[in-house]
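Structure first, then comments.
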There are 2 protein chains.
Amino acid sequence: MPKVNLKTIATELGVSISTVSKALQDSYEISKETKQKVVSLAKKLNFQPNPYASSLRRNQTRNIAVIIPEIANNFFALVINGVESVAREKNYHVLIYLTHDEYKKELEFCEYLQNGRIDGVMMSVTTETQTHEHIGRLTEKGILVVLFDRVCHEIETAKVTTDDFVSSLNATEHLIQNGCKKIAYLALSSHLSIDNKRKAGYAEGLHKYNIPFDASLVIECGNNENEAHQIIKSLLSSPNRPDAIFASVEKLAIETYLVCRELSLSIPQDVKVICFANLKIADLLNPPLSTITQPAFEIGKKAARVLFRNLDSKRGSIENENIVLKSLLIPRLSTQKSD
Amino acid sequence: MPKVNLKTIATELGVSISTVSKALQDSYEISKETKQKVVSLAKKLNFQPNPYASSLRRNQTRNIAVIIPEIANNFFALVINGVESVAREKNYHVLIYLTHDEYKKELEFCEYLQNGRIDGVMMSVTTETQTHEHIGRLTEKGILVVLFDRVCHEIETAKVTTDDFVSSLNATEHLIQNGCKKIAYLALSSHLSIDNKRKAGYAEGLHKYNIPFDASLVIECGNNENEAHQIIKSLLSSPNRPDAIFASVEKLAIETYLVCRELSLSIPQDVKVICFANLKIADLLNPPLSTITQPAFEIGKKAARVLFRNLDSKRGSIENENIVLKSLLIPRLSTQKSD
DNA sequence: CTGTTAGCGCGTTCAA
DNA sequence: TTGAACGCGCTAACAG
């Protein structure tokens with residue numbers, strides 16, 4: 001594996017290194033013939049410039065980091081898919097960092113990534129995240145940050161989210177219109193902006209139909225599967241159980257589904273369920289659940305586009321914009337009714 | 001954002017850059033006091049060495065690439081999870097490249113990644129991949145390669161796979177023991193090593209019970225959802241349809257499930273189904289499917305460990321080893337029977 | 001149009 | 001024990 005670099009080509013051709021460099025960049029300073037010679041030899045030797053040597057000079061790595069709570073989750077997997085597709089297009093490279101929904105890890109990554117390994121970061125914060133100084137420290141070092149989905153509104157940077165309030169309002173309305181009077185809201189964490197927006201949409205939905213908001217029906221399930229399962233189980237075991245569940249994330253919907261089976265409650269006869277979900281699950285389950293589907297792939301693409309645009313503009317700071325995409329409500333209850 | 005580098009510390013302390021460098025590496029050449037001073041100032045200024053400057057000197061980036069067909073797929077998502085967890089532990093960084101199951105893209109990545117952006121590659125080939133020169137070219141450039149799951153056996157490098165033959169044999173046996181006589185095997189592509197091994201296990205299962213192998217029951221569905229759906233539909237619409245389906249991957253199982261619903265065939269009464277799957281689907285579906293679950297997380301971890309071990313040994317080439325992990329068969333037919 | 005020079009930030013001789 | 005000098009591979013200012 002003989003290394004081939006600019007020097008190899010330069011000496012072989014009897015020209016200087018910088019000539020080769022310029023020729024390969026199609027600089028106007030170099031004659032056609034020289035370019036020809038250089039380019040053809042480069043191709044023959046399969047020369048590829050070392051990206052990190054250029055990085056050092058140009059002060060840009062063309063690497064970006066994606067920091068997310070988890071990957072075995074259809075939403076985030078689809079986001080990465082979107083990010084990667086735009087990255088290929090724009091010649092950026094995608095590094096993955098998983099926080100496993102721990103603030104400690106998120107912090108660690110943010111500190112570490114100030115070292116110049118990457119030019120920018122796209123991230124969704126953990127349910128534990130309550131401060132945002134660690135994110136500020138990144139931007140201070142000139143690392144551009146785009147937040148998506150689970151964002152911190154306090155920090156000034158580009159953000160890509162979905163219409164959580166409106167779609168939750170519609171979802172709640174959907175349940176009410178199908179006769180639900182006692183709707184429980186399964187929450188993840190009150191630190192999470194999206195959770196609060198969804199909760200607010202849910203509350204507004206109740207309000208619209210003059211249903212009093214009952215705080216005891218808002219249930220924080222946390223991000224631990226087993227715990228969540230137990231909490232939902234005790235909720236649905238109660239004699240005066242709710243007649244509907246609004247699951248703020250897919251995982252909680254799945255647990256609800258499992259609990260219903262365990263307790264021999266049938267959906268939607270005994271309990272109606274609506275949830276945020278990106279899995280094909282809604283099609284597969286029997287009966288299918290009503291769902292709110294976020295445009296995960298588009299979120300990834302959009303967030304990446306915003307980041308790359310800002311990086312390429314080389315201003316060293318990021319435009320403070322707020323992009324809101326629309327989620328898709330798939331109401332399966334009415335379909336169910338007509339059966 | 002004032003950049004802090006070795007020089008910053010050196011001038012501040014009135015020592016030379018190399019002294020600082022050595023002190024931070026805890027070199028024996030530097031006095032305790034100097035080290036103390038350097039380290040504490042470095043901490044105070046939050047100094048972090050530029051990784052790519054070191055790369056250039058040390059000739060290692062500590063970046064690795066993971067090349068996979070898709071990410072919105074529980075198996076690969078779990079693999080990445082495993083890879084990432086080991087990477088964190090070993091201080092490596094994970095770049096993601098998605099081929100979307102196109103050989104053209106795989107080739108492109110392999111050519112590109114010879115440039116020194118990464119030290120090593122972990123990959124699962126596409127269903128279209130029929131040659132392996134592109135992989136050889138990587139190793140020739142000193143890039144270590146570990147193949148996993150969808151491997152090329154022709155190439156000499158480390159490989160991590162599962163016991164596809166045995167688990168498929170067991171799966172087939174499970175179907176036969178539950179009364180199936182006409183088992184269809186849904187294949188992805190005959191270019192794929194795992195597919196062929198699974199098929200061989202299936203054939204061996206039939207053979208063991210003296211059921212003649214019927215080539216017309218081996219159906220290549222390709223990797224396109226819609227096509228696969230049609231193929232399965234016509235298979236199950238036939239008057240003499242098979243009494244069981246062995247789906248070689250999760251996607252095909254899902255399509256089978258959907259087709260059954262479409263045709264009002266009930267599982268497992270009308271058609272028994274077993275499949276390779278990593279989704280929680282088996283628990284959620286009603287009725288649940290029998291599944292073979294590959295230890296995806298462990299595959300990721302194992303493959304990463306092998307890669308990092310070889311990278312750290314700095315031999316410039318990789319040990320040619322074949323690691324085979326065990327899959328887990330969850331036979332739900334017997335459970336079903338006792339209901 | 002081409003070459004010389006000077007770094008990017010770091011690690012590593014080799015002298016002092 | 002420290003520091004000066006060099007080079008990893010590349011780009012860019014400037015001189016010719």
Side-chain angles (χ1 to χ4, degrees), chain A residues 1-39 41-42 45-63 114-119 141-142 314 316, chain B residues 1-39 41-42 45-63 114-119 141-142 314 316:
Chain A
M1 41 161 186
K3 287 190 190 168
V4 36
N5 49 27
L6 289 181
K7 198 175 172 186
T8 321
I9 300 179
T11 53
E12 179 103 357
L13 251 42
V15 296
S16 82
I17 293 178
S18 64
T19 303
V20 177
S21 172
K22 288 177 196 162
L24 289 173
Q25 292 176 69
D26 200 24
S27 158
Y28 67 96
E29 308 183 65
I30 304 294
S31 74
K32 274 213 163 165
E33 306 86 64
T34 328
K35 275 185 195 169
Q36 200 81 42
K37 282 196 300 181
V38 170
V39 169
L41 182 57
L45 297 180
N46 192 23
F47 167 75
Q48 293 188 249
N50 181 311
Y52 298 134
S54 324
S55 289
L56 218 52
R57 276 309 310 245
R58 300 214 225 239
N59 212 29
Q60 55 141 297
T61 65
R62 298 199 86 78
N63 282 163
Q114 294 169 26
N115 67 8
R117 187 175 285 275
I118 45 98
D119 299 332
K141 289 274 180 181
K314 283 261 125 213
Chain B
M1 41 162 187
K3 285 190 190 167
V4 36
N5 49 28
L6 290 182
K7 199 176 172 186
T8 320
I9 300 179
T11 53
E12 179 104 357
L13 250 43
V15 296
S16 81
I17 293 178
S18 62
T19 303
V20 177
S21 173
K22 287 176 194 162
L24 289 173
Q25 292 175 72
D26 201 25
S27 160
Y28 67 96
E29 308 183 64
I30 304 293
S31 73
K32 274 210 164 166
E33 307 87 63
T34 329
K35 275 185 193 168
Q36 200 79 44
K37 283 197 297 180
V38 169
V39 169
L41 182 57
L45 298 181
N46 192 24
F47 169 74
Q48 292 187 252
N50 181 311
Y52 298 134
S54 324
S55 288
L56 220 51
R57 277 305 314 241
R58 301 214 223 242
N59 213 30
Q60 55 142 300
T61 64
R62 298 200 87 77
N63 283 162
Q114 293 169 28
N115 67 8
R117 188 174 285 274
I118 46 97
D119 299 332
K141 288 274 180 179
K314 284 263 127 211

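Sequence lines set the chain letters: A, B, ... in the order given, protein chains first and strands last, and positions in each chain run from 1. All heavy atoms count here, side chains included; hydrogens, waters and symmetry mates do not. Everything numeric here is computed off the predicted structure, so don't read it as measured data.
- Atom NZ of K7(B) is separated from atom OG of S16(B) by 12.5 Å, given to the nearest 0.5 angstrom.
- The interatomic distance linking Q25(A) (CD) with dT2(C) (P) rounds to 15 Å, in whole Å.
- Here the NZ atom belonging to K3(B) is positioned 10.5 Å from the OG1 atom belonging to T8(B), to the nearest 0.5 angstrom.
- The local environment of CD in E29(B) is crowded, with over 12 non-hydrogen atoms from other residues, nucleotides or ligands closer than 6.0 Å.
- Taking atom CZ of R62(A) as the reference point, atom P of dT11(D) lies 13 Å away to the nearest angstrom.
- In the helix from dC1(C)-dG16(D) to dA16(C)-dT1(D), the rotation axis of the first five pairs and that of the last five pairs differ in direction by 50°, rounded to 10 degrees.
- If you measure from atom CG of N59(A) to atom P of dA12(D), you get 12 Å, rounded to the nearest angstrom.
- Listed by chain and number, the residues in a side-chain hydrogen bond (donor to acceptor under 3.5 Å, both in side chains) with N50(A) amount to none (sequence neighbours excluded).
- Within the structure, every side-chain polar atom (N or O) of N50(B) is placed at least 4.0 Å from both OP1 and OP2 of dG9(C).
- In this entry the distance linking CD of Q48(B) with C1' of dG9(C) reads 14 Å, nearest Å.
- We find that CD1 of I9(A) is positioned 12 Å from C1' of dC10(D), with the value rounded to whole Å.
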Look for any protein N or O under 3.5 Å of an N or O in nucleotides 2-6 of chain D and output each such pair with its distance, or none.
from, atom 1, to, atom 2, distance (Å)
dT2(D), OP1, S31(B), OG, 3.4
dT2(D), OP1, T34(B), OG1, 2.6
dT2(D), OP2, S31(B), N, 2.9
dT2(D), OP2, S31(B), OG, 3.4
dT2(D), OP2, T34(B), OG1, 3.1
dT2(D), O4, E29(B), OE1, 3.2
dG3(D), OP2, S16(B), N, 2.9
dG3(D), OP2, T19(B), OG1, 2.5
dG3(D), N7, S18(B), OG, 3.2
dG3(D), O6, K22(B), NZ, 2.3
dA4(D), N6, S18(B), OG, 3.2

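- Across the protein-nucleic acid pair, Y52(B) atom OH and dG7(C) atom P stand 25 Å apart, rounded to whole Å.
- Per the geometry, CG belonging to L6(B) stands 19 Å off P belonging to dG7(D), to the nearest Å.
- Salt bridge K35(B)/D26(B): present, at least one basic N to carboxylate O contact under 4.0 Å.
- Place Y28(A) and R58(B) on DNA chain C by their nearest nucleotides, and Y28(A) ends up nearer the 5' end.
- From Y52(B), atom OH reaches atom CG of N63(A) across 4.0 Å, with rounding to the nearest 0.5 Å.
- Residues T34(A) and S31(A) bring a donor and an acceptor atom of their side chains to less than 3.5 Å of each other.
- The number of heavy-atom neighbours closer than 6.0 Å to NZ of K32(A), taken from other residues, nucleotides and ligands shown, is 12 or below.
- Distance, K37(B) NZ to dT1(D) P: 14 Å, rounded to whole Å.
- At a threshold of 4.5 Å between non-hydrogen side-chain atoms, the residues L13(A) and V20(A) do not count as touching.
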